[in-house]
Amino acid sequence: MQRRFNPLEADARWQGVWDEKQSFKASDTSDKPRSYVLEMFPYPSGRIHIGHVRNYSMGDVLARFRRMTGHEVLHPMGWDAFGMPAENAAMEKKVHPGEWTRSNIANMRAQLKKLGFAIDWSRELATCEPDYYGHEQALFLDMLEAGLVYRKESAVNWDPVDMTVLANEQVIDGKGWRSGAPVEKRKLSQWFLKITQFADDLLEGLKGLDQWPDKVRTMQENWIGKSVGLQFRFKPVAPFDSEIEVYSTRPDTIFGASFVAIAADHPIAQQVAAGNAEAQAFIALCKEGGTTAAELETAEKLGFDTGLTVAHPFDPDWHLPVFIANFVLMDYGTGAVMGVPAHDQRDLDFARKYMLAVERVVAADGDEAKPIHDEAYVGPGRLVNSRFLDGMSVEDGKAAVIARAQGEGWGEGKTVFRLRDWGVSRQRYWGTPIPVIHCESCGPVPVPKAQLPIVLPEDITFDVPGNPLDRHPTWKHVDCPSCGKAAVRETDTLDTFADSSWYFIRFASQPKDRPFDRETVEKWLPVGQYIGGVEHAILHLLYARFWTRALQHMGQLGFAEPFTGLFTQGMVTHETYKSPEGAWLAPQDVEKQGDSIVMVDTGAPVTVGRVEKMSKSKKNVVDPDDIIAQYGADAVRWFMLSDSPPERDLPWTESGIEGSWRFVNRLWRLFGQIEAGAEGADKPLDRKLHQTIDGIAKDIEALSFNKAVAKIYELANAVEKAAPSASRNGAIRALALLVAPMTPHLAEEAWADMGETGLIADAPWPTVDPALLVDDEVTIACQVMGKLRDTITVPNGTAKDELERLALAAPNVVRILDGATPKKIIVVPDRLVNLVI
RNA sequence: GCGGACGUGGCGAAAUCGGUAGACGCAGCGGACUUAAAAUCCGCCUUCCCCUGGAAUUGCGGGUUCAAGUCCCGCCGUCCGCACCA
């Protein structure tokens with residue numbers, strides 16, 4: 001009778017035990033070292049995706065491992081529960097967004113529980129509950145009071161059919177993604193958070209985040225987009241009468257300027273167009289130009305000569321033409337630039353087309369000033385043809401021009417950021433209501449904190465377009481808190497990125513009467529290890545960093561960075577299949593027949609496509625529920641951690657999960673092999689065990705789960721081959737502890753089977769005997785001219801001259817040397833001997 | 001175009017500081033057990049050759065070194081991010 005692990009029975013039983021004993025409840029008062037392990041909380045779409053399983057399996061291994069190594073671990077879970085899909089579902093399925101969301105949460109919670117994650121469920125939260133968003137409203141009011149929130153007119157994408165604002169990615173070819181109606185630009189009064197106030201600090205802070213992937217830091221750096229330069233004014237040459245303000249990061253090249261270019265929607269361009277049909281036509285042309293990446297790349301630099309001229313700041317007799325140009329953007333800098341063709345590629349392309357002067361003003365070091373042809377020179381060098389700047393470096397030249405401009409009053413040094421303030425107004429129902437009341441006489445008035453939370457009304461409808469809050473018969477009508485007259489509530493709700501900007505703080509501390517308790521939060525935060533998808537590299541992580549800074553700025557928290565360690569895991573991928581007709585096929589609709597893949601029902605040949613991210617449209621998805629039902633949670637978790645490095649994509653394969661399932665059973669058989677009477681030490685096995693304990697601990701801390709998995713296999717192989725002994729029994733017991741973070745149900749089952757009374761989840765990580773980490777015999781490579789010719793086995797620490805002697809005597813070395821005497825002998829102790837002839 | 005990451009067997013990969021390339025897993029092949037299958041166990045598994053051994057081999061071409069997957073220079077390719085940012 002074979003010992004076979006019954007996962008369905010064991011999974012449920014141990015999950016019940018952990019639940020009942022509250023094994024993973026984090027104590028705020030423990031004096032153990034603390035460890036906050038967090039994975040990005042999911043949007044409750046209704047089903048857990050295999051990518052979630054990978055994400056949470058990784059975090060769970062770390063959380064369980066840290067518990068075993070004596071940490072008090074906070075490993076919580078919650079729901080990013082506001083957002084559009086709930087409203088879409090409401091429109092399509094006539095179900096209330098709250099009902100839809102809450103039932104999705106219930107489903108997904110059950111799915112997650114089936115995976116046996118070591119989560120403190122007592123801290124579970126959903127951002128759509130007043131108990132959460134009410135506190136968010138309080139934080140919003142704090143920010144308002146601290147001057148971090150303001151209201152501004154801003155252009156939005158307006159869908160006139162759905163009567164709603166669309167995000168940029170919801171506008172496809174200028175049309176609303178749902179209604180298909182042409183999208184209008186509308187000016188709306190919107191709420192903004194002053195993220196730009198922290199722009200420099202957010203940029204500087206990146207330098208200290210050395211446990212973040214460089215990739216993410218670079219992406220944030222580019223997003224913040226700091227540039228340092230000179231903002232200055234060109235004086236008009238009569239009859240023209242307006243100054244043109246431009247921004248340049250290269251004021252040092254000012255003597256190479258040959259034109260000024262303004263954006264098509266620049267006020268001066270508008271003035272010119274007022275009496276000029278040609279200019280009007282050109283501006284229209286600029287606007288209809290595509291905005292996609294490919295179009296922009298190939299778009300020709302086009303300009304329209306306004307006939308106007310301005311004077312060079314250093315020479316009133318030097319006149320520069322003013323062009324309207326399609327490559328100048330109104331919303332960056334001042335919407336106008338000085339064109340220096342020799343040192344900017346776009347300006348050069350433009351100058352060649354309109355036959356403008358190209359004069360080199362920077363000479364590369366050690367190089368005479370060669371004329372510029374098709375390529376602008378943007379490198380460092382000395383300034384030439386630049387009057388008082390001649391001979392200066394680029395850096396000195398910048399400083400000198402800025403100093404002169406400031407001294408003479410026509411310009412000033414200025415730092416510009418690409419980062420914009422964060423517009424948080426959404427004209428939607430399913431979000432956090434913005435706690436402000438608009439009063440005709442008092443203006444926008446903050447809701448008194450005592451009146452929070454402002455709860456979303458339940459009785460709403462989605463049968464007509466527009467925001468249900470706005471058309472609700474009573475909800476928005478309130479008295480002004482300031483003057484008492486009739487007023488209306490703000491009907492916009494907050495961007496859902498606001499909800500995810502502080503949930504990790506609320507996890508640490510959940511008082512009823514305020515957002516969090518500072519002292520408790522500071523015990524847990526910053527989050528030591530945050531794990532999630534790279535798709536959140538910019539927005540979510542930047543907003544959370546801002547929000548934390550805002551709290552610090554307001555004196556509510558004592559730290560600026562919310563996440564010390566960040567890890568971005570790869571996607572789960574799967575082969576794709578297509579029928580002869582070209583339709584995508586699901587994995588369960590195809591089967592292997594000999595060397596080819598065919599359709600299950602018709603037997604028609606299937607084309608196997610590339611391995612791609614799992615997506616519903618390509619049907620290459622597997623459902624975690626099905627897999628768990630078939631193999632149990634542990635086999636799935638094991639597979640998620642095996643083979644591929646966690647930052648890389650993981651190809652899901654049927655044979656891979658089969659292999660994991662086989663190994664789970666192999667471990668289970670092994671756990672039953674403790675022999676009561678076995679005695680004696682097995683030194684090599686002891687060594688292997690202790691090296692494995694040490695190695696796995698390091699691998700898990702480095703999140704190199706694939707390497708930890710490989711070491712488990714090696715140890716299991718070694719234990720299987722070993723003869724019964726006390727050492728072997730010890731190794732089997734230790735193996736259960738080593739796999740406990742990865743396959744916890746199996747480990748608990750084995751632990752109980754071994755007669756242990758406590759939970760393995762509470763057991764300490766096995767201790768390492770440092771004496772056993774080194775082998776007492778080592779294999780030395782014997783090389784001749786760097787080529788391996790033989791190996792010798794010697795005691796660890798054998799002296800150099802002894803190694804040299806033994807290597808020279810090795811049979812294959814003797815044969816290759818053929819009597820020759822080595823000119824030089826390199827000996828690396830415990831490693832190799834290399835003979836040079 | 002700019003920035004970043006990566007490139008190792010049929011596949012996923014490993015290789016601490018430059019020191020025996022391919023650990024470990026998957027697939028495959030051969031065998032044992034079985035009436036048979038599944039499960040399990042044992043063995044083989046980079047390529048080539050004149051096979052007790054030898055040669056080549058970490059995308060390609062150079063270089064440094066006693067020694068290069070690892071360091072340097074130049075190409076090629078794949079993926080990701082940003083993008084007319086002045």
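Chain identifiers are assigned alphabetically (A, B, ...) following the order of the sequence lines, protein sequences preceding nucleic acid strands; residue numbering begins at 1 within each chain. Both backbone and side-chain heavy atoms feed into the values below; hydrogens, waters and symmetry mates do not. Note that the structure is a prediction, hence the values are computed from the model and not measured.
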Distances under 3.5 Å only, N/O to N/O: pair up the protein atoms with those of nucleotides 4-11 of chain B.
none

Inset, instruction - Report yes if the distance between the aromatic ring centroids of A:Phe350 and A:Phe259 is under 6.0 Å, otherwise no. - result: yes
Inset, instruction - Looking at every strand, decide which applies to A:Lys823 at a 4.0 Å heavy-atom threshold: base, sugar-phosphate, or nothing. - result: nothing
Inset, instruction - Remember a base hit wins even if backbone is also touched, and classify A:Val709 as base, sugar-phosphate or nothing at under 4.0 Å, heavy atoms. - result: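 Nothing: the residue A:Val709, judged by heavy atoms under 4.0 Å, touches no strand.
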Counting heavy atoms from C-beta on, name the nucleotide in [options] closest to the side chain of [X].
X: A:Ile826; options: B:G53, B:U20, B:C66; result: B:C66
X: A:Val337; options: B:A15, B:A86, B:A23; result: B:A86
X: A:Thr779; options: B:U20, B:A13, B:U40; result: B:U20
X: A:Thr791; options: B:A86, B:U20, B:A15; result: B:U20
X: A:Arg346; options: B:G12, B:C84, B:G81; result: B:C84
X: A:Asn834; options: B:G54, B:C41, B:G19; result: B:G19

Inset, instruction - Return no unless some side-chain N or O of A:Arg662 is found under 4.0 Å from OP1 or OP2 of B:A27. - result: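 A:Arg662 to B:A27 OP1/OP2: side-chain N or O found under 4.0 Å.
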Inset, instruction - Answer yes or no: does a side-chain N or O of A:Ser642 lie under 4.0 Å from OP1 or OP2 of B:C26? - result: no
Legend entry - Test salt bridge (charged side-chain N to carboxylate O under 4.0 Å, His left out) applied to A:Lys711 and A:Asp699, step by step: CA-CA 10 Å; A:Lys711 289 190 175 80; A:Asp699 288 339; 2.6 Å; yes
Inset, instruction - Applying side chain to side chain donor-acceptor pair (under 3.5 Å), run through A:Asn812 and A:Arg815 and close with a yes or a no. - result: CA-CA 5 Å; A:Asn812 256 317; A:Arg815 195 176 52 80; 2.8 Å; yes
Legend entry - Residues that A:Glu245 engages under salt bridge (charged side-chain N to carboxylate O under 4.0 Å, His left out), provided they are two or more places apart: A:Arg233
Please work out whether [N] sits syn or anti, treating a glycosidic angle within 90° of 0 as syn.
N: B:C72; answer: anti
N: B:C66; answer: anti
N: B:G9; answer: syn

Inset, instruction - Could you check if a side-chain atom of A:Phe323 sits within less than 4.5 angstrom of a side-chain atom of A:Val328, using non-hydrogen atoms only? - result: no
Inset, instruction - Kindly assign one of parallel, tilted or perpendicular to the pair A:Tyr713 and A:Phe663, based on the angle between their ring planes and the thresholds 30° and 60°. - result: tilted
Legend entry - Under the 3.5 Å Watson-Crick or G-U criterion, the dot-bracket string of RNA chain B, with | for inter-strand pairs: (((((((..(((......[....))).(((((.......))))).((((...))))..(((((..]....))))))))))))....
Legend entry - Nearest-0.5 Å distance, CZ of residue A:Phe671 to CG of residue A:Leu735: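 If we round to the nearest 0.5 Å, A:Phe671:CZ and A:Leu735:CG are 4.5 Å apart.
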